[in-house]
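Atoms within each ligand, like the ligands themselves, are counted from 1 in listed order. Every value quoted in this text rests on a predicted model; they were computed, and no experiment measured them.
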Amino acid sequence: MLPTAAPLIATDVHRTYHLAGHDLPVLRGVNLEVKAGEKVFLCGQSGAGKTTLLYVLGGLEQPTSGDVMVHGRSLYRAAAAERARTRNEVMGFVFQHYFLLPELTALENVLLPAMIGGKKAESRARELLDTVGLSQRLNHLPTELSGGEQQRVAIARSLINDPGIIYADEPTGNLDASTGSGVIDMLMKVVNEAQKTLIVVTHDRELATRGDRRLILKDGRLEEG
Ligand SMILES: Nc1ncnc2c1ncn2[C@@H]1O[C@H](COP(=O)(O)OP(=O)(O)OP(=O)(O)O)[C@@H](O)[C@H]1O
Ligand SMILES: [Mg+2]
(Lines give C-alpha, C1' and ligand atoms only; values in the text may rest on other atoms or scores of the structure.)
(Ligands and ions follow the chains in the order given, each with its own letter.)
Protein backbone atom coordinates (compact mmCIF):
# COMPACT_ATOMS: atom_id res chain seq x y z
CA MET A 1 0.00 0.00 0.00
CA LEU A 2 1.32 3.45 -0.90
CA PRO A 3 1.08 5.73 2.14
CA THR A 4 0.17 8.66 -0.11
CA ALA A 5 -2.75 6.89 -1.80
CA ALA A 6 -6.22 8.20 -0.92
CA PRO A 7 -7.90 5.81 1.54
CA LEU A 8 -11.10 5.69 -0.52
CA ILE A 9 -11.40 5.83 -4.30
CA ALA A 10 -14.59 4.93 -6.18
CA THR A 11 -14.33 4.73 -9.95
CA ASP A 12 -17.34 4.92 -12.29
CA VAL A 13 -19.63 3.02 -9.94
CA HIS A 14 -22.99 1.92 -11.32
CA ARG A 15 -25.70 0.01 -9.46
CA THR A 16 -28.93 -0.99 -11.16
CA TYR A 17 -31.66 -2.98 -9.43
CA HIS A 18 -33.73 -5.33 -11.56
CA LEU A 19 -37.34 -5.54 -10.47
CA ALA A 20 -40.32 -7.24 -12.09
CA GLY A 21 -38.86 -7.02 -15.56
CA HIS A 22 -37.64 -3.45 -15.42
CA ASP A 23 -34.35 -1.79 -14.50
CA LEU A 24 -33.93 0.80 -11.77
CA PRO A 25 -30.60 2.56 -12.24
CA VAL A 26 -29.76 4.00 -8.81
CA LEU A 27 -26.03 4.80 -9.15
CA ARG A 28 -25.10 6.04 -12.61
CA GLY A 29 -21.40 6.76 -12.64
CA VAL A 30 -20.22 7.75 -9.17
CA ASN A 31 -16.62 8.91 -8.84
CA LEU A 32 -15.19 9.81 -5.47
CA GLU A 33 -11.76 10.32 -3.96
CA VAL A 34 -11.53 10.92 -0.23
CA LYS A 35 -8.31 12.06 1.43
CA ALA A 36 -6.89 10.60 4.64
CA GLY A 37 -8.58 12.16 7.64
CA GLU A 38 -11.25 13.88 5.55
CA LYS A 39 -14.84 14.00 6.84
CA VAL A 40 -17.29 13.73 3.97
CA PHE A 41 -21.07 14.03 4.34
CA LEU A 42 -23.25 12.53 1.60
CA CYS A 43 -26.77 13.83 1.33
CA GLY A 44 -29.68 13.65 -1.07
CA GLN A 45 -33.40 13.00 -1.14
CA SER A 46 -35.04 9.86 0.18
CA GLY A 47 -34.61 7.18 -2.45
CA ALA A 48 -31.67 8.98 -4.12
CA GLY A 49 -29.43 5.99 -3.43
CA LYS A 50 -27.39 7.17 -0.43
CA THR A 51 -27.58 3.88 1.47
CA THR A 52 -26.88 1.95 -1.72
CA LEU A 53 -23.78 4.08 -2.32
CA LEU A 54 -22.54 3.78 1.28
CA TYR A 55 -22.94 0.00 1.12
CA VAL A 56 -21.05 -0.15 -2.18
CA LEU A 57 -18.26 2.02 -0.66
CA GLY A 58 -18.25 -0.24 2.41
CA GLY A 59 -17.99 -3.56 0.60
CA LEU A 60 -21.54 -4.56 1.52
CA GLU A 61 -23.21 -4.25 -1.89
CA GLN A 62 -21.74 -5.40 -5.20
CA PRO A 63 -21.91 -2.65 -7.84
CA THR A 64 -23.21 -3.53 -11.31
CA SER A 65 -19.94 -2.09 -12.65
CA GLY A 66 -17.04 -0.02 -11.39
CA ASP A 67 -14.81 -0.64 -8.41
CA VAL A 68 -13.87 0.76 -5.01
CA MET A 69 -10.34 0.89 -3.58
CA VAL A 70 -10.06 1.10 0.21
CA HIS A 71 -6.57 1.67 1.62
CA GLY A 72 -5.14 0.34 -1.62
CA ARG A 73 -7.27 -2.82 -1.67
CA SER A 74 -9.82 -3.45 -4.44
CA LEU A 75 -13.16 -4.45 -2.93
CA TYR A 76 -14.87 -5.98 -5.92
CA ARG A 77 -12.00 -7.57 -7.78
CA ALA A 78 -11.41 -9.52 -4.56
CA ALA A 79 -13.21 -12.70 -3.50
CA ALA A 80 -16.03 -12.36 -0.96
CA ALA A 81 -13.90 -13.77 1.89
CA GLU A 82 -11.11 -11.29 1.22
CA ARG A 83 -13.63 -8.43 1.02
CA ALA A 84 -15.04 -9.49 4.41
CA ARG A 85 -11.52 -9.46 5.86
CA THR A 86 -10.91 -5.96 4.47
CA ARG A 87 -14.19 -4.81 6.02
CA ASN A 88 -13.23 -6.15 9.42
CA GLU A 89 -9.66 -4.83 9.31
CA VAL A 90 -9.91 -1.36 7.80
CA MET A 91 -13.54 -0.25 8.07
CA GLY A 92 -15.90 0.57 10.92
CA PHE A 93 -19.69 0.93 10.56
CA VAL A 94 -22.36 2.89 12.41
CA PHE A 95 -25.99 2.36 11.33
CA GLN A 96 -29.27 4.16 11.99
CA HIS A 97 -30.68 1.19 13.93
CA TYR A 98 -27.40 0.60 15.87
CA PHE A 99 -27.45 -3.20 15.25
CA LEU A 100 -26.18 -4.07 18.72
CA LEU A 101 -26.60 -7.71 19.68
CA PRO A 102 -29.42 -7.75 22.26
CA GLU A 103 -28.01 -10.53 24.44
CA LEU A 104 -24.56 -8.91 24.80
CA THR A 105 -23.59 -6.10 27.18
CA ALA A 106 -22.23 -2.76 25.97
CA LEU A 107 -18.68 -3.97 26.63
CA GLU A 108 -19.24 -7.29 24.82
CA ASN A 109 -20.82 -5.54 21.83
CA VAL A 110 -17.77 -3.29 21.49
CA LEU A 111 -15.44 -6.29 21.81
CA LEU A 112 -17.18 -8.41 19.19
CA PRO A 113 -15.41 -7.15 16.01
CA ALA A 114 -12.05 -7.65 17.75
CA MET A 115 -12.97 -11.21 18.73
CA ILE A 116 -13.96 -11.95 15.12
CA GLY A 117 -10.43 -10.93 14.13
CA GLY A 118 -9.02 -13.13 16.92
CA LYS A 119 -7.78 -10.18 18.98
CA LYS A 120 -7.97 -9.50 22.69
CA ALA A 121 -9.00 -5.92 23.24
CA GLU A 122 -10.79 -5.58 26.54
CA SER A 123 -8.77 -2.64 27.85
CA ARG A 124 -9.18 -0.82 24.52
CA ALA A 125 -12.94 -1.47 24.59
CA ARG A 126 -13.14 0.00 28.09
CA GLU A 127 -11.16 3.05 26.96
CA LEU A 128 -13.43 3.60 23.95
CA LEU A 129 -16.56 3.33 26.08
CA ASP A 130 -14.99 5.82 28.46
CA THR A 131 -14.30 8.19 25.53
CA VAL A 132 -17.97 8.10 24.50
CA GLY A 133 -19.01 8.77 28.11
CA LEU A 134 -20.27 5.28 28.97
CA SER A 135 -17.79 4.03 31.55
CA GLN A 136 -20.74 3.63 33.95
CA ARG A 137 -22.73 1.49 31.47
CA LEU A 138 -20.28 -1.33 30.62
CA ASN A 139 -22.53 -4.15 31.77
CA HIS A 140 -25.84 -2.80 30.51
CA LEU A 141 -27.72 -4.68 27.81
CA PRO A 142 -28.93 -2.65 24.79
CA THR A 143 -32.51 -2.66 26.17
CA GLU A 144 -31.14 -1.04 29.33
CA LEU A 145 -29.61 1.87 27.37
CA SER A 146 -31.21 4.95 25.79
CA GLY A 147 -31.12 5.41 22.01
CA GLY A 148 -28.29 7.94 22.21
CA GLU A 149 -26.32 5.62 24.51
CA GLN A 150 -26.84 2.67 22.16
CA GLN A 151 -25.53 4.76 19.26
CA ARG A 152 -22.49 5.76 21.34
CA VAL A 153 -21.82 2.04 21.98
CA ALA A 154 -22.04 1.55 18.20
CA ILE A 155 -19.51 4.37 17.69
CA ALA A 156 -17.12 2.74 20.19
CA ARG A 157 -17.64 -0.62 18.42
CA SER A 158 -16.85 0.93 15.02
CA LEU A 159 -13.41 1.97 16.33
CA ILE A 160 -12.35 -1.20 18.16
CA ASN A 161 -10.26 -2.61 15.30
CA ASP A 162 -8.64 0.79 14.70
CA PRO A 163 -10.02 1.02 11.14
CA GLY A 164 -8.85 3.73 8.73
CA ILE A 165 -12.39 4.60 7.62
CA ILE A 166 -15.65 4.91 9.51
CA TYR A 167 -18.92 4.72 7.56
CA ALA A 168 -22.15 5.97 9.14
CA ASP A 169 -25.64 5.70 7.61
CA GLU A 170 -28.11 8.17 9.14
CA PRO A 171 -26.42 7.78 12.56
CA THR A 172 -28.87 10.23 14.13
CA GLY A 173 -31.96 9.10 12.21
CA ASN A 174 -33.57 7.46 15.25
CA LEU A 175 -32.72 10.20 17.74
CA ASP A 176 -34.33 13.51 18.69
CA ALA A 177 -32.53 16.62 17.42
CA SER A 178 -30.54 17.43 20.55
CA THR A 179 -29.49 13.81 21.28
CA GLY A 180 -28.60 13.45 17.58
CA SER A 181 -26.47 16.58 17.68
CA GLY A 182 -24.65 15.23 20.77
CA VAL A 183 -24.01 11.92 19.00
CA ILE A 184 -22.58 13.73 15.96
CA ASP A 185 -20.35 15.83 18.26
CA MET A 186 -19.12 12.59 19.85
CA LEU A 187 -18.55 10.92 16.49
CA MET A 188 -16.60 13.92 15.14
CA LYS A 189 -14.55 14.13 18.35
CA VAL A 190 -13.44 10.48 18.40
CA VAL A 191 -12.83 10.44 14.66
CA ASN A 192 -10.76 13.64 14.84
CA GLU A 193 -8.72 12.44 17.81
CA ALA A 194 -7.94 9.14 16.13
CA GLN A 195 -7.40 10.88 12.73
CA LYS A 196 -9.85 8.62 10.93
CA THR A 197 -11.51 9.19 7.59
CA LEU A 198 -15.28 9.53 7.97
CA ILE A 199 -18.14 9.09 5.50
CA VAL A 200 -21.57 10.01 6.85
CA VAL A 201 -24.87 9.61 4.98
CA THR A 202 -27.68 11.91 6.03
CA HIS A 203 -30.78 13.39 4.44
CA ASP A 204 -30.23 16.45 6.69
CA ARG A 205 -28.44 19.09 4.60
CA GLU A 206 -27.79 21.23 7.67
CA LEU A 207 -26.10 18.37 9.52
CA ALA A 208 -24.12 17.72 6.36
CA THR A 209 -22.31 21.05 6.71
CA ARG A 210 -20.43 19.69 9.75
CA GLY A 211 -17.78 17.87 7.71
CA ASP A 212 -14.93 19.05 5.48
CA ARG A 213 -16.97 18.40 2.35
CA ARG A 214 -20.65 18.00 1.52
CA LEU A 215 -21.64 15.98 -1.53
CA ILE A 216 -25.14 15.57 -2.91
CA LEU A 217 -26.29 12.41 -4.65
CA LYS A 218 -28.64 13.41 -7.44
CA ASP A 219 -29.74 11.52 -10.53
CA GLY A 220 -27.30 8.75 -9.63
CA ARG A 221 -24.23 10.98 -9.49
CA LEU A 222 -22.39 13.05 -6.89
CA GLU A 223 -22.29 16.83 -6.99
CA GLU A 224 -20.37 19.19 -4.72
CA GLY A 225 -22.99 20.77 -2.45
N1 LIG B 1 -32.60 -4.46 -2.82
C2 LIG B 1 -33.26 -3.60 -3.59
N3 LIG B 1 -33.98 -4.03 -4.65
C4 LIG B 1 -34.62 -3.15 -5.43
N5 LIG B 1 -34.62 -1.82 -5.28
C6 LIG B 1 -33.91 -1.34 -4.26
C7 LIG B 1 -33.19 -2.18 -3.36
N8 LIG B 1 -32.58 -1.41 -2.44
C9 LIG B 1 -32.91 -0.13 -2.74
N10 LIG B 1 -33.71 -0.09 -3.84
C11 LIG B 1 -34.23 1.14 -4.46
O12 LIG B 1 -33.12 1.98 -4.76
C13 LIG B 1 -33.43 3.33 -4.50
C14 LIG B 1 -32.37 3.92 -3.57
O15 LIG B 1 -32.50 3.30 -2.28
P16 LIG B 1 -31.59 3.76 -1.06
O17 LIG B 1 -32.00 2.95 0.11
O18 LIG B 1 -30.17 3.68 -1.48
O19 LIG B 1 -32.03 5.29 -0.91
P20 LIG B 1 -31.62 6.35 0.22
O21 LIG B 1 -31.12 7.57 -0.52
O22 LIG B 1 -30.76 5.74 1.23
O23 LIG B 1 -33.05 6.71 0.85
P24 LIG B 1 -33.43 7.10 2.38
O25 LIG B 1 -33.01 8.54 2.58
O26 LIG B 1 -34.93 6.98 2.38
O27 LIG B 1 -32.76 6.14 3.30
C28 LIG B 1 -34.83 3.37 -3.92
O29 LIG B 1 -35.72 3.80 -4.94
C30 LIG B 1 -35.11 1.93 -3.54
O31 LIG B 1 -36.47 1.60 -3.72
MG1 LIG C 1 -30.95 5.31 3.28
Side-chain angles (χ1 to χ4, degrees), residues 8-34 38-70 75-76 80 83-84 86-87 91-100 147-148 150-155 157-158 163 165-181 183-184 186-188 191 197-225:
L8 179 63
I9 302 171
T11 312
D12 200 21
V13 166
H14 290 249
R15 179 67 170 104
T16 298
Y17 292 110
H18 305 283
L19 276 180
H22 77 274
D23 289 347
L24 179 64
V26 173
L27 303 178
R28 304 197 296 178
V30 169
N31 291 289
L32 176 64
E33 186 164 330
V34 178
E38 203 174 15
K39 279 113 202 119
V40 176
F41 279 64
L42 302 176
C43 54
Q45 290 183 339
S46 180
K50 302 180 298 297
T51 294
T52 302
L53 176 57
L54 194 78
Y55 281 27
V56 169
L57 297 176
L60 297 161
E61 169 98 38
Q62 179 97 35
T64 310
S65 63
D67 195 15
V68 177
M69 301 287 291
V70 177
L75 291 183
Y76 298 103
R83 184 156 62 245
T86 299
R87 273 205 310 273
M91 307 176 188
F93 295 89
V94 178
F95 299 98
Q96 176 174 352
H97 299 287
Y98 325 133
F99 292 140
L100 302 178
Q150 289 182 62
Q151 194 59 302
R152 284 186 278 147
V153 173
I155 290 170
R157 179 185 57 186
S158 77
I165 304 188
I166 312 291
Y167 296 89
D169 189 8
E170 303 277 4
T172 63
N174 265 12
L175 304 170
D176 65 71
S178 96
T179 307
S181 175
V183 163
I184 287 292
M186 187 63 75
L187 181 62
M188 302 295 279
V191 162
T197 305
L198 176 68
I199 315 288
V200 181
V201 157
T202 177
H203 63 273
D204 183 338
R205 291 173 75 118
E206 187 57 39
L207 188 70
T209 59
R210 308 255 315 251
D212 301 316
R213 190 150 52 120
R214 180 174 74 173
L215 298 171
I216 298 172
L217 185 59
K218 198 168 167 234
D219 300 328
R221 294 192 185 88
L222 286 175
E223 301 173 352
E224 300 283 334

[X] versus [Y]: any side-chain heavy-atom pair under 4.5 Å?
{"X": "Thr16", "Y": "His18", "answer": "yes"}
{"X": "Met186", "Y": "Gln151", "answer": "no"}
{"X": "Met188", "Y": "Ile184", "answer": "yes"}
{"X": "Arg210", "Y": "Lys39", "answer": "no"}

Considering non-hydrogen atoms of the protein only, which is the closest contact for [atom], and what is the distance?
{"atom": "atom 12 (O) of ligand 1", "answer": "Val26 CG2, 3.3 Å"}
{"atom": "atom 1 (N) of ligand 1", "answer": "Tyr17 CE2, 3.7 Å"}
{"atom": "atom 11 (C) of ligand 1", "answer": "Leu24 CD2, 3.8 Å"}
{"atom": "atom 27 (O) of ligand 1", "answer": "Thr51 OG1, 4.0 Å"}
{"atom": "atom 25 (O) of ligand 1", "answer": "Lys50 NZ, 2.7 Å"}
{"atom": "atom 19 (O) of ligand 1", "answer": "Gly49 N, 3.4 Å"}

- prompt: Who's closest to atom 24 (P) of ligand 1 heavy-atom-wise, of Ser46, Pro25, Ala20?
  reply: Ser46

Taking distance alone, with N or O pairs closer than 3.5 Å, would you say [X] contacts ligand 1?
{"X": "Gly47", "answer": "yes"}
{"X": "His203", "answer": "no"}
{"X": "Ala48", "answer": "yes"}

Thr51 near the Mg ion (ligand 2): N/O/S under 2.8 Å: yes

query: In terms of ring plane angle, is the pair Phe99 and His97 parallel, tilted or perpendicular, where the classes change at 30° and 60°?
result: tilted

- prompt: Which of parallel (below 30°), tilted (30 to 60°) and perpendicular (above 60°) describes Phe93 and Tyr167?
  reply: parallel

message: Nearest 0.5 Å, please: how far is CD1 in Ile216 from CG in Leu222?
response: 9.5 Å

- request: Rounded to the nearest 0.5 Å, what's the gap from CG on Leu27 to OH on Tyr55? Could you check?
  value: 13.5 Å

message: Please work out, at 4.0 Å between heavy atoms, whether the side chain, the backbone, both, or neither of Leu53 comes within that distance of ligand 1.
response: neither

- prompt: Where on Leu19 is there a heavy atom closer than 4.0 Å to ligand 1, on the side chain, on the backbone, on both, or on neither?
  reply: side chain

task: Would you please determine whether Gln45 falls within less than 4.0 Å of ligand 1 on a heavy-atom basis?
output: yes

4.0 Å heavy-atom contact, Gly44 with ligand 1: no

- line: With Val68 as partner, the option from Leu32, Val30, Val13 fulfilling side-chain contact (heavy atoms from CB on, under 4.5 Å) is Val13

Flag if over 12 foreign heavy atoms under 6.0 Å of CD, Gln45: no

message: For the residue pair Thr51 / Asp169, report whether a side-chain donor-acceptor contact shorter than 3.5 Å exists.
response: yes

query: atom 30 (C) of ligand 1: protein heavy atom closer than 4.0 Å?
result: no

message: As an exercise, identify every atom of ligand 1 less than 4.0 angstrom from a heavy atom of Thr52.
response: 15 (O), 16 (P), 18 (O)

